[in-house]
Enquirer: 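Here it is: the structure, laid out below.
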Number of protein chains: 2
Amino acid sequence: MSKQAEFAVILKMNAMFADLGADELQRLSNLCHTQHLANGEVLFQKGDPGNALFGVRRGQVRIETGASDGSRLTLNFMGPGDLFGEVAVLDGQSRTADATAGEASELFVLRREDFLGFLEREPKVAIKIIALLCQRIRWQSERMEESMLQPLPVRLARRLCALAADFGSEVHISQEQLGVFVGAARESVNRQLQAWRKDAILDLQRGRILLRNMTKLTAIARNE
Amino acid sequence: MSKQAEFAVILKMNAMFADLGADELQRLSNLCHTQHLANGEVLFQKGDPGNALFGVRRGQVRIETGASDGSRLTLNFMGPGDLFGEVAVLDGQSRTADATAGEASELFVLRREDFLGFLEREPKVAIKIIALLCQRIRWQSERMEESMLQPLPVRLARRLCALAADFGSEVHISQEQLGVFVGAARESVNRQLQAWRKDAILDLQRGRILLRNMTKLTAIARNE
DNA sequence: GGGGAAGTGTGTCATAAGTCACATAACTTT
DNA sequence: AAAGTTATGTGACTTATGACACACTTCCCC
């Protein structure tokens with residue numbers, strides 16, 4: 001499979017491009033480049049202009065943010081098939097977090113200028129993108145309000161389920177980082193996890209959470 | 001001033017169209033219609049397809065939602081110069097609330113089909129709209145997270161400031177509705193308002209709040 | 001003008017979650 | 001292996017806010 005075809009598949013899996021026709025997708029994929037990163041190499045930093053969209057071909061990219069106290073918090077891991085920077089490539093605003101290669105990686109790169117040129121040539125695609133952005137706005141305002149009003153166990157269960165979808169039942173994350181994710185104190189996170197351990201929903205190890213009973217966890221995430 | 005020119009002014013005041021050039025704005029305004037509503041007439045209801053954007057020329061439109069218990073909660077008042085339905089016109093999704101004329105009104109109407117046809121003919125405008133939607137997405141995710149994590153006084157002060165911007169220092173709203181706005185219990189809202197009354201920041205009447213000291217209120221809204 | 005209905009003011013109580021403080025336990029570095 | 005560092009576990013306390021209960025007022029309608 002050609003590099004372009006491979007990129008098209010990744011785009012198609014992302015909600016933002018899922019609606020595009022095969023022909024549109026192919027013409028868009030033809031604009032892509034690839035870029036190699038050594039382990040630990042910095043892809044972009046907070047504040048850099050958002051001049052491209054990236055897809056992971058192989059390897060791993062960590063999205064992290066440097067807290068004011070100098071410590072680093074990992075916000076996300078992007079693995080093969082994951083796409084990031086969709087919004088940045090559209091509006092060119094500066095990055096809000098850092099991205100570093102967690103291992104030697106190869107990325108697909110779609111540059112902002114190329115993408116905008118494409119949209120200008122294909123206004124029908126631009127309109128589809130507009131519709132998708134609108135959906136995202138609606139979805140965000142519904143979810144956010146709902147989400148933040150939920151009690152901590154629900155928010156925590158949701159986050160764990162999301163992480164499980166990416167990494168399987170062994171989630172590699174510290175309780176401190178988990179706390180940042182769900183907007184809660186580390187101690188509160190710990191207490192809730194302990195309670196779930198007693199209920200055999202999960203097991204805890206240093207820096208690791210082993211999800212034992214996803215059924216119960218998703219039930220909690222749905223708020224009963 | 002022609003109807004179209006008047007509509008162009010309203011569009012220009014809205015963030016979503018502020019970036020458009022005078023020529024683009026004029027061509028867009030030429031697509032508008034007008035519609036008259038009698039007092040109490042229903043413009044659209046929750047679930048209707050979002051097939052147009054509206055601007056208030058004169059009169060008043062109430063955006064309200066029927067709660068499950070049958071009571072009606074007013075979410076917003078739109079007065080002359082206000083624009084609503086910007087997102088609906090772009091993605092055609094169904095309305096999430098009802099709109100009713102609070103008095104005899106005249107509205108500018110920009111139909112979805114006309115607007116989409118315009119965007120297709122003018123891809124540069126479509127790209128500007130895309131950038132604006134992206135900004136909105138970023139703004140939303142920043143604000144939402146921040147906002148919900150703020151303590152009630154801050155959320156309340158922010159909402160009051162926003163209402164003041166629309167209606168001046170005499171805000172006509174019940175404490176119950178205010179509670180819905182900021183996601184808090186009526187009693188909590190009342191207690192906070194009482195405290196502010198003691199500090200001479202505002203005065204309370206049945207169904208009314210008189211803002212006496214916007215300086216202090218905005219200071220609270222900024223979270224000191 | 002009498003009788004609701006809606007809006008408001010307040011007290012009491014329960015609870016979720018943050019904060020602080022410290023004990024352990026597990027990895028790293030030298 | 002010793003020492004330091006990071007992650008985790010847990011208790012005590014505080015605080016904000018929701019929930020309930022009820023009194024009081026104002027408005028509206030018959």
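Lettering follows sequence order; numbering is per chain, from 1.
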Enquirer: B:His172 NE2 to D:dT26 C1': how many Å, rounded?
Expert: 13 Å

Enquirer: Find the distance A:Arg208:CZ to D:dT8:P and express it as a whole number of Å.
Expert: 11 Å

Enquirer: With sequence neighbours excluded, give me every ring-ring contact (aromatic ring centres under 6.0 Å, His included) pair touching residues 79-107 of chain B.
Expert: B:Phe54-B:Phe84

Enquirer: What's the separation between atom CG in B:Leu31 and atom CZ in B:Arg111, rounded to the nearest 0.5 Å?
Expert: 9.5 Å

Enquirer: So, OP1 or OP2 of D:dG9: does either fall under 4.0 Å of a side-chain N or O from A:Gln194?
Expert: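 Result: yes.
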
Enquirer: At their closest point, which heavy atom of A:Ala97 faces which heavy atom of A:Ile63, and how far apart are they?
Expert: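 Scanning both residues completely, I find the closest heavy atoms to be CB-CG2, 3.9 Å.
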
Enquirer: Considering only heavy atoms from C-beta outward, does the side chain of B:Met78 approach that of B:Leu83 to under 4.5 Å?
Expert: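 SC-SC contact between B:Met78 and B:Leu83 ruled out.
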
Enquirer: Keeping B:Arg155 on the side-chain end and B:Val182 on the backbone end, is there a donor-acceptor pair under 3.5 Å?
Expert: yes

Enquirer: Can you work out whether A:Asn190 or A:Arg206 has the more 5'-proximal nearest nucleotide on DNA chain D?
Expert: A:Arg206

Enquirer: Rounded to the nearest Å, what distance is computed from the CD atom of residue A:Gln177 to the C1' atom of nucleotide D:dT8?
Expert: 14 Å

Enquirer: Let's test your reading of the model: under 3.5 Å, does the base of C:dG18 pair with the side chain of A:Arg186 as donor and acceptor?
Expert: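 Side chain to base: no pair below 3.5 Å.
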
Enquirer: If I take atom OG1 from residue B:Thr34 and atom CZ from residue B:Phe7, how far apart are they, to the nearest 0.5 angstrom?
Expert: 11.0 Å

Enquirer: First locate atom CZ of A:Arg158, then atom CG of A:Leu156, and finally report the distance between them rounded to the nearest 0.5 Å.
Expert: 11.5 Å

Enquirer: Given atom CD1 of A:Ile173 and atom C1' of D:dT6, what is their separation to the nearest angstrom?
Expert: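 From A:Ile173 CD1 to D:dT6 C1': 16 Å.
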
Enquirer: Need the bend value for the helix from C:dG1-D:dC30 to C:dT30-D:dA1: angle between end axes, 5 pairs each end, nearest 10°.
Expert: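 That helix has its two terminal axes inclined by roughly 40°.
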
Enquirer: Supply the atom-to-atom distance B:Thr100 OG1 to B:Gln60 CD, rounded to the nearest 0.5 angstrom.
Expert: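 Atom-to-atom, B:Thr100:OG1 and B:Gln60:CD are 11.0 Å apart.
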
Enquirer: Less than 4.0 angstrom between a side-chain N/O of B:Gln175 and OP1 or OP2 of C:dA6, yes or no?
Expert: no

Enquirer: Please state how far atom CG in A:Leu178 lies from atom P in C:dA17, giving the value in whole angstrom units.
Expert: 14 Å

Enquirer: For a quick check, with a 4.0 angstrom heavy-atom cut-off, what is the B/S/- contact string for nucleotides 14-19 of chain D, read 5' to 3'?
Expert: ---SSB

Enquirer: For residues 197-205 of chain B, which residues have at least one heavy atom under 4.0 Å from DNA chain D?
Expert: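 None - not one residue of the stretch has a heavy atom sitting under 4.0 Å from the strand.
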
Enquirer: Report the residues that fulfil ring-ring contact (aromatic ring centres under 6.0 Å, His included) with A:Phe17, sequence neighbours left out, ordered by chain and then residue number.
Expert: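 Counting only residues at least two positions away or on another chain, A:Phe17 forms no ring-ring contact (aromatic ring centres under 6.0 Å, His included).
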
Enquirer: Please check if any side-chain donor atom of A:Arg138 sits under 3.5 Å from a side-chain acceptor atom of A:Gln135, or the reverse.
Expert: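 Their side chains do not contain a donor-acceptor pair, so the 3.5 Å distance test is not met.
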
Enquirer: Partners of A:Asn39 by side-chain hydrogen bond (donor to acceptor under 3.5 Å, both in side chains), sequence neighbours excluded?
Expert: none

